[in-house]
Protein chains: 2
Amino acid sequence: MGQGPRTRRATLQTVADEVGVSRTTVSNAYSRPDQLNRDLRERILEAARRLGYAGPDATARSLRRGKAGAIGLLFTETLSYAFADPYSVGFLRGVAEVAESHGSGLLLIPLRPGDEESETTVRDAVVDGFCLYCVPFGHRARRVIEARGLPFVTTDDPGDPAVPYVGIDERASARLAADHLVRLGHRRFGVIIDIAAEQLTDAYADLRQRLGGYREVIEEVGLDWSRVPVVAAGRNDRGAAAQAAADLLDIADRPTAVLAVSDVLALGVLDAMEQRGLAAGREISVVGFDDVPEAARARLTTVHQPMEERGRRVGRLLLEPAAAHEGAPRHQVLPTELVVRATTGPAPR
Amino acid sequence: MGQGPRTRRATLQTVADEVGVSRTTVSNAYSRPDQLNRDLRERILEAARRLGYAGPDATARSLRRGKAGAIGLLFTETLSYAFADPYSVGFLRGVAEVAESHGSGLLLIPLRPGDEESETTVRDAVVDGFCLYCVPFGHRARRVIEARGLPFVTTDDPGDPAVPYVGIDERASARLAADHLVRLGHRRFGVIIDIAAEQLTDAYADLRQRLGGYREVIEEVGLDWSRVPVVAAGRNDRGAAAQAAADLLDIADRPTAVLAVSDVLALGVLDAMEQRGLAAGREISVVGFDDVPEAARARLTTVHQPMEERGRRVGRLLLEPAAAHEGAPRHQVLPTELVVRATTGPAPR
DNA sequence: TTGAAAGCGATACCAC
DNA sequence: GTGGTATCGCTTTCAA
């Protein structure tokens, strides 16, 4: 805008030359105001303004200081849906909190399935570490990250003892939910998940564990797991869940209790029930997972997990080398808890 | 882990020396496989593996190439709540889509009110441009960004013609909602907003415009705006809105029509109505704003705005200089539309 | 094909 | 307080 042909972007050197001091001094004017006298600093800043110098370049500074100032957060695109999930938001907030306190940002890197492009994005991401959030185990991005030699944490899969993990005991937590229903006398179960069971490969270790927990309990009371209807909503979405719930609610031998692998799905089931005039906690009991804010509002019985804390731990592991190397165990398993509200009750006879 | 005292992180040079070639060749082995013969490349990659060289450093590469590979997204912490808002998620998805197609990521930079720290984060953010998303006009971060001389776009405020803006015609869109109610014969209005009216300074230009739209219409039918109850939920949250709605629903001369500045708030109002046994669309009409997925489910009448497209435009403006300089106008105003569903109906007599 | 030289823009360290 | 020097780790001409 009327700047004239700015031959070239101004740099530290430009300013230094203009004022007749060394680069160091100009640098100090910006980064360590106390290292030089007031007047000189003013003169430098003034010259900078005049020359259109925009202040120290962030990239150069990063390079020199050996600190990128960001945490990379990788997730599969399926999860861009899941940003709608209050659980993810809580997690994000946790990571962001720690990042910010370290003067770092959060670099979101969406991974489109089978996209070559995203590999590049991961390779060139200017970050100090990565967090794998819902990235299937075998995903290529994982290789790329490992190759980069930066610290990384996974929240998906505690499978590899060498890779730091922050999560919960999926199996035990799921048992909490199922146990509760069994104690209430339920014997006809239904399960709702997001990913279709066939696609449930090793990649979704957490989900499989959760399902495994349900299964254990159900089999322990002598039931045949293969006869328990397990429906998939396709994605972690309330509307989709309400639709999918039809396969649970409109069948001959309707379950008296539904286990949902997330609150979002559980809420969808409740929606579907309401539509059919089915009373939650009386005719059908429903248990969710996560304990998102919405769950309390809906009086949903669920398994509480500390989402923000999970995020915070990840942040610390990545940004506080001390925390990572010394004290903390590589695998951090946070406590969960069953929260009984109004959507569960004794099995109808 | 049994690596021995790795004296120092391996670098391009290390590998070059080992293999007995120049840095250039090693660089090419990574970035331009077609520039050297297969064998040599293999030998180089092998040596790299042996030496624990992690591949070209992202920061150095950024510096050299003059491209950061990320868009910075600034938002105030109040908005970290709003990530729960489906509107934001849609917007994010739009930006992310474009970013990804350019091999860039999205750097989230939360701005805590009055936090010195965050200024630093903005200054040091390795990005190619910034998007201001719900950043009050006078916020310090804005200065910092301007000083950096990088391109930036705002989605909040079209006030400054020099700053690229991507948004909607807030006033006209709001009029759509109010007009609809007026046509239905309503004359007793209530309004619900997130931010308390007293705090509604210049900073929240978009919100003020929206409110202004309601006001215009209401005054055009000869009503006194100062007698219209305007309640604030404090934040854009469904639960908070349900609470705040009490001041609309439990008053003497209850409104027959409620204008909500967002769908999330409108949904909260509907919750509160349900609790009180008030029928939406009959006893009280409610109009939202945004048209989030949840709105369709709740059959909420609302103003639709293209959230993803808004994000995409922002991305393009930041990542495609051509798009920014030549064709596109600095201010891009996207179309909105009233979507009439079930929560509005004729004013009860 | 391969390599030498010249930066990209800044900061750390250590004398002065 | 101030400045010189050496790097940070890589890519990019351009010549061999």
Side-chain angles (χ1 to χ4, degrees), chain A residues 7-44 47-48 51-69 120 123-128 147-150, chain B residues 7-44 47-48 51-69 120 123-128 147-150:
Chain A
T7 345
R8 182 195 192 138
R9 200 182 159 73
T11 156
L12 247 193
Q13 186 68 254
T14 328
V15 180
D17 291 350
E18 171 83 6
V19 183
V21 294
S22 81
R23 297 208 286 257
T24 309
T25 308
V26 179
S27 176
N28 284 337
Y30 283 93
S31 310
R32 313 196 174 166
D34 49 321
Q35 293 296 301
L36 54 131
N37 88 45
R38 250 186 130 63
D39 275 6
L40 180 54
R41 175 149 193 267
E42 266 319 313
R43 259 172 50 222
I44 292 178
L51 295 167
Y53 174 62
D57 177 89
T59 309
R61 184 175 246 187
S62 268
L63 175 60
R64 187 59 245 236
R65 299 220 274 222
K67 191 203 162 202
T120 313
R123 212 188 316 273
D124 284 350
V126 177
V127 298
D128 297 307
R148 284 197 53 178
L150 292 176
Chain B
T7 346
R8 182 194 193 140
R9 200 181 159 74
T11 156
L12 248 194
Q13 187 68 256
T14 327
V15 180
D17 291 350
E18 171 83 6
V19 183
V21 294
S22 80
R23 297 207 288 256
T24 310
T25 308
V26 178
S27 176
N28 284 336
Y30 283 94
S31 310
R32 313 194 175 167
D34 50 320
Q35 293 296 301
L36 64 159
N37 88 45
R38 247 186 131 64
D39 275 7
L40 181 54
R41 173 148 194 266
E42 266 319 314
R43 259 171 53 221
I44 292 178
L51 295 167
Y53 174 61
D57 177 88
T59 309
R61 182 174 251 191
S62 269
L63 175 59
R64 187 60 241 241
R65 290 190 173 157
K67 190 203 163 201
T120 313
R123 211 189 316 273
D124 285 350
V126 178
V127 297
D128 297 307
R148 284 197 53 178
L150 292 176

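When all heavy atoms of Leu12(A) and Ser27(A) are compared, the closest pair comes out as CD2-N, 3.7 Å. Shown here for Val126(A) and Ala68(B), the closest heavy-atom pair between the two residues is CG2-O, 4.2 Å. Summarising the geometry of Ala147(B) relative to Ala54(A), their closest heavy-atom pair is O-CB, 3.1 Å, with the distance given to 0.1 Å.
Each of Asp34(B) and Leu63(B) has a nearest nucleotide on DNA chain C; the 5'-most of these lies closest to Asp34(B). Summary of the strand contacts: Gly20(B) and Arg23(B) both lie near DNA chain C, and taking for each the nucleotide with the nearest heavy atom, the more 5' one is attributed to Gly20(B).
The list of ring-ring contact (aromatic ring centres under 6.0 Å, His included) pairs with a residue in residues 12-38 of chain A, not counting sequence neighbours, reads Tyr30(A)-Tyr53(A).
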Report each atom pair, protein N/O against N/O of nucleotides 12-16 of chain C, whose distance is under 3.5 angstrom.
residue: dA12(C); atom: OP2; partner: Arg32(A); partner atom: NH2; Å: 2.9
residue: dA12(C); atom: N6; partner: Thr24(A); partner atom: OG1; Å: 3.2

Check nucleotides 14-16 of chain D for protein N or O atoms closer than 3.5 Å to its own N or O atoms and list the pairs.
none

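One interatomic measurement links the two molecules: CG of Leu150(A) to P of dG9(D), which rounds to 13 Å at whole-angstrom precision. The CG atom of Asp17(B) sits 11 Å away from the P atom of dA4(C) (whole-angstrom rounding). The interatomic distance linking Arg123(A) (CZ) with dC10(D) (P) rounds to 14 Å, in whole Å. Distance, Lys67(A) NZ to dG9(D) P: 17 Å, rounded to whole Å. One interatomic measurement links the two molecules: CG of Leu40(B) to P of dG3(C), which rounds to 7 Å at whole-angstrom precision. Rounded to a whole Å, the CG atom of Leu12(A) is 15 Å from the C1' atom of dG7(C). Rounded to whole angstrom, the span from the CZ atom of Arg38(A) across to the P atom of dG1(D) amounts to 13 Å. Atom-to-atom, CG of Asp124(A) to P of dC10(D) comes out at 12 Å; the value is rounded to the nearest Å.
Within residues 53-62 of chain B, the residues that have a heavy atom under 4.0 Å from DNA chain D are, in order of number, Tyr53(B), Gly55(B), Pro56(B), Asp57(B), Ala60(B), Arg61(B).
Residues Asp57(B) and Leu63(A) meet the side-chain proximity criterion, which asks for heavy atoms closer than 4.5 Å. The side-chain heavy atoms of Thr14(B) and Asp17(B), taken from C-beta on, include no pair separated by under 4.5 Å.
Under the rule for a side-chain contact (heavy atoms from CB on, under 4.5 Å), the partners of Arg148(B) that lie at least two apart in sequence or sit in another chain are Ala58(A), Ala125(B), Phe130(B), Leu150(B). Considering only residues two or more places apart in sequence or on other chains, Arg123(B) meets the salt bridge (Lys or Arg N to Asp or Glu O under 4.0 Å) condition with Glu119(B). When the side-chain contact (heavy atoms from CB on, under 4.5 Å) test is applied to Ala47(B), the partners found at least two apart in sequence or on another chain are Val15(B), Glu18(B), Val19(B), Arg50(B). In this structure, the salt bridge (Lys or Arg N to Asp or Glu O under 4.0 Å) partners of Asp124(B), at least two apart in sequence or on a different chain, are Arg61(A), Arg65(A). For Thr25(A), the side-chain hydrogen bond (donor to acceptor under 3.5 Å, both in side chains) partners at least two apart in sequence or on another chain are Ser22(A).
For the helix from dT1(C)-dA16(D) to dC16(C)-dG1(D), the rotation axes defined at the first and last 5 base pairs enclose an angle of 30°, given to the nearest 10°.
If you check every strand for non-hydrogen atoms under 4.0 Å, Leu36(B) touches sugar and phosphate atoms only.
Considering only side-chain N and O atoms, Asn37(B) lies under 4.0 angstrom from the phosphate OP1 or OP2 of dT2(C). OP1 or OP2 of dG3(C) lies within a sub-4.0 Å distance of a side-chain N or O belonging to Thr25(B). Proximity of Ser27(A) to the phosphate of dT11(C): a side-chain N or O atom is located under 4.0 Å from OP1 or OP2.
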Between side-chain atoms of residues 35-44 of chain A and protein atoms elsewhere (two or more places apart, or another chain), which donor-acceptor pairs fall under 3.5 Å?
residue: Asn37(A); atom: OD1; partner: Asp39(A); partner atom: N; Å: 2.9
residue: Asn37(A); atom: OD1; partner: Leu40(A); partner atom: N; Å: 3.0
residue: Arg41(A); atom: NE; partner: Ala29(A); partner atom: O; Å: 2.6
residue: Arg41(A); atom: NH2; partner: Ala29(A); partner atom: O; Å: 3.3

